[in-house]
Enquirer: 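The structure that follows is given in the form of structure tokens.
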Amino acid sequence: FKEPRGMMRLIQLLFAILAFSTTAGYNSTMKFEYRCKTGNDTGSRQLTVSYPFYMPDSAVESIVCPSTGVSTVQPGLNYPFGSYMSSAQFYVFVGVMAFLYCIGIAVLYVVFEQVYNDNDLVPQIDFIVTAVWTLFWFIASVAWAVGVSFFKLETYPDRLWHQITACLGLAECKTKEYFGYGGLDVSLICGFANVFLWGASLWFLFKETVWFKRMYPEQAYGESDFAGGGPDPSGGSGGYQQKGGVETGAGLPPQ
């Protein structure tokens, strides 16, 4: 299990779990009480929001003041504005797939390490997949950050009262329990942390590819091996040695 390549995958695995679990497991409830201005009728309502953040599923019952017999809110319409389902689901998708990829590639590192070292194509695929998923993490994190910002805005009590219009005229509403946003904040932190972690690992993965070995053979094979006729990444049979101030081919026949 080569470091830091293997250690980076373990950290990525942990943060991927935190990212999608805090989003998919989100569930929060806001409770409020109301008192009708005419007749002094009282009651309470609660609005619960959970993943996948489809707001019509969170509709709260209309407030009806019996003394007037009028409901100023149509049933099924008094829920927070906005659509956050697509960004939430894409964010969870990226997290789950990153989690599965980390498990799969970790198994390859441990069980089939020789295949990874001997087959030049495998490190290249690993590098490309990691680069693509770094981009996916960035897009998903930015989209979800925008969604969370609007979700917080639209679920703030003063905004909700504009959708539960009885609270603006016929009744006085008072919040007893607020939405909790801690889990969403953690999910965003983990999302941008994943952008950093996956981006940072690209350098270590690049050093495993044949591209790096061709660009920097001294670092890839070691100074002594390269100077002493070690493997030539360009396909030649040997390196060059310095002898008596004159360069001579390591594998060339004497003249």
Side-chain angles (χ1 to χ4, degrees), residues 1-28 49-55 57 82-113 115-116 119-155 181-212 215:
F1 203 60
K2 187 175 180 180
E3 296 184 10
R5 182 186 66 195
M7 185 58 65
M8 290 290 288
R9 290 304 186 192
L10 291 179
I11 299 174
Q12 291 169 357
L13 176 67
L14 174 62
F15 274 85
I17 293 174
L18 290 174
F20 75 76
S21 63
T22 51
T23 305
Y26 180 80
N27 187 292
S28 187
V49 176
S50 60
Y51 180 82
F53 301 91
Y54 182 59
M55 292 299 103
D57 289 343
S83 176
Y84 320 101
M85 186 170 65
S86 58
S87 59
Q89 289 180 328
F90 179 64
Y91 186 80
V92 171
F93 165 77
V94 172
V96 171
M97 294 304 295
F99 163 74
L100 295 176
Y101 182 75
C102 286
I103 292 179
I105 201 66
V107 171
L108 180 64
Y109 291 164
V110 175
V111 181
F112 305 102
E113 184 177 8
V115 175
Y116 193 95
N119 190 333
D120 291 338
L121 186 61
V122 176
Q124 290 175 310
I125 294 175
D126 190 18
F127 175 80
I128 293 173
V129 171
T130 302
V132 171
W133 229 252
T134 301
L135 179 62
F136 275 18
W137 269 121
F138 177 75
I139 296 173
S141 298
V142 170
W144 183 223
V146 173
V148 169
S149 297
F150 279 103
F151 173 72
K152 289 180 178 180
L153 176 66
E154 296 298 341
T155 54
Y181 304 111
L184 299 181
D185 293 334
V186 171
S187 74
L188 289 177
I189 293 173
C190 292
F192 285 104
N194 273 298
V195 176
F196 171 78
L197 290 171
W198 285 69
S201 67
L202 287 174
W203 169 245
F204 302 107
L205 297 176
F206 178 67
K207 292 177 70 174
E208 302 288 338
T209 65
V210 69
W211 303 320
F212 177 84
M215 294 172 62

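Along the sequence shown, residues carry numbers from 1.
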Enquirer: Do the side chains of Arg9 and Asp126 get nearer than 4.5 Å, heavy atoms only?
Expert: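 A side-chain contact under 4.5 Å exists here.
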Enquirer: Can you tell me how far the OG1 atom of Thr130 sits from the OH atom of Tyr101, to the nearest 0.5 Å?
Expert: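 The distance works out to 4.5 Å.
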Enquirer: Which heavy atom in Val92 sits nearest to a heavy atom in Phe20, and how many Å separate them?
Expert: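 Closest heavy-atom pair between Val92 and Phe20: O-CB, 4.0 Å.
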Enquirer: Is it the case that more than 12 heavy atoms not belonging to Tyr51 sit under 6.0 Å from its OH atom?
Expert: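 Yes, because the 6.0 Å sphere around OH of Tyr51 holds more than 12 heavy atoms from other groups.
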Enquirer: For the atom pair OH (Tyr91) and SG (Cys190), what is the distance rounded to the nearest 0.5 Å?
Expert: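 SG of Cys190 is found 6.5 Å from OH of Tyr91.
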Enquirer: Taking the side chain as every heavy atom from C-beta outward, state whether Ile105 and Val129 have any pair of such atoms under 4.5 Å apart.
Expert: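 Ile105 vs Val129: side chains apart.
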Enquirer: Could you pull out the closest heavy-atom pair between Glu208 and Pro123, with the gap in Å?
Expert: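 Of all heavy-atom pairs spanning Glu208 and Pro123, the closest is O-CB, 3.6 Å.
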Enquirer: Which distance, rounded to the nearest 0.5 Å, do you find between the CZ of Phe53 and the OG of Ser86?
Expert: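 That separation rounds to 12.0 Å.
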Enquirer: Do Met55 and Val49 make a side-chain contact, defined as non-hydrogen atoms from C-beta onward lying under 4.5 Å apart?
Expert: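 Contact flag for Met55/Val49 side chains = yes.
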Enquirer: So which heavy atom on Trp137 is nearest to which on Ser141, and how close?
Expert: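 Distance-wise, the nearest heavy atoms are O-OG, 2.7 Å.
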Enquirer: Looking at every heavy atom in both Ala98 and Trp198, which two are closest together, and how far apart are they?
Expert: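 Minimum heavy-atom contact is CB-CZ2, 3.6 Å.
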Enquirer: Side-chain contact test, heavy atoms from C-beta onward, threshold under 4.5 Å: evaluate it for Ile139 versus Phe90 and give yes or no.
Expert: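 SC-SC contact between Ile139 and Phe90 confirmed.
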Enquirer: Kindly assign one of parallel, tilted or perpendicular to the pair Phe206 and Phe127, based on the angle between their ring planes and the thresholds 30° and 60°.
Expert: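 Correct class here is tilted.
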Enquirer: Is there side-chain contact between Phe112 and Val122, with at least one heavy-atom pair below 4.5 Å?
Expert: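 No, too far: nothing below the 4.5 Å cut-off.
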Enquirer: So with a 6.0 Å cut-off around CZ of Phe150, is the heavy-atom count from everything else above 12?
Expert: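 It does not: Phe150 CZ has 12 such atoms or fewer within range.
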Enquirer: To the nearest 0.5 Å, what is the distance between CD1 on Ile189 and CG on Asn194?
Expert: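 That separation rounds to 12.5 Å.
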Enquirer: Which atom pair, heavy atoms only, marks the closest approach of Thr22 to Ser187?
Expert: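 The pair with the smallest heavy-atom distance is OG1-CB, 3.0 Å.
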Enquirer: Considering non-hydrogen atoms only, spot the tightest contact between Ala88 and Thr23 and give its length.
Expert: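 Nearest heavy atoms, Ala88 then Thr23: O-CG2, 4.4 Å.
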Enquirer: Just say parallel, tilted or perpendicular for the rings of Phe136 and Trp133, cut-offs at 30° and 60°.
Expert: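 Plane angle between 30° and 60°, so tilted.
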Enquirer: With the side chain counted from C-beta on, respond yes when Val146 and Ser87 share a heavy-atom pair under 4.5 Å apart, and no when they do not.
Expert: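 In short, these two side chains do not touch, never coming nearer than 4.5 Å.
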Enquirer: If I take atom CZ from residue Phe15 and atom CZ from residue Phe192, how far apart are they, to the nearest 0.5 angstrom?
Expert: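 Here the interatomic distance stands at 14.0 Å.
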Enquirer: So how far is it from Phe151 CZ to Trp144 CH2, rounded to the nearest 0.5 Å?
Expert: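 Going from CZ on Phe151 over to CH2 on Trp144, the span is 7.5 Å.
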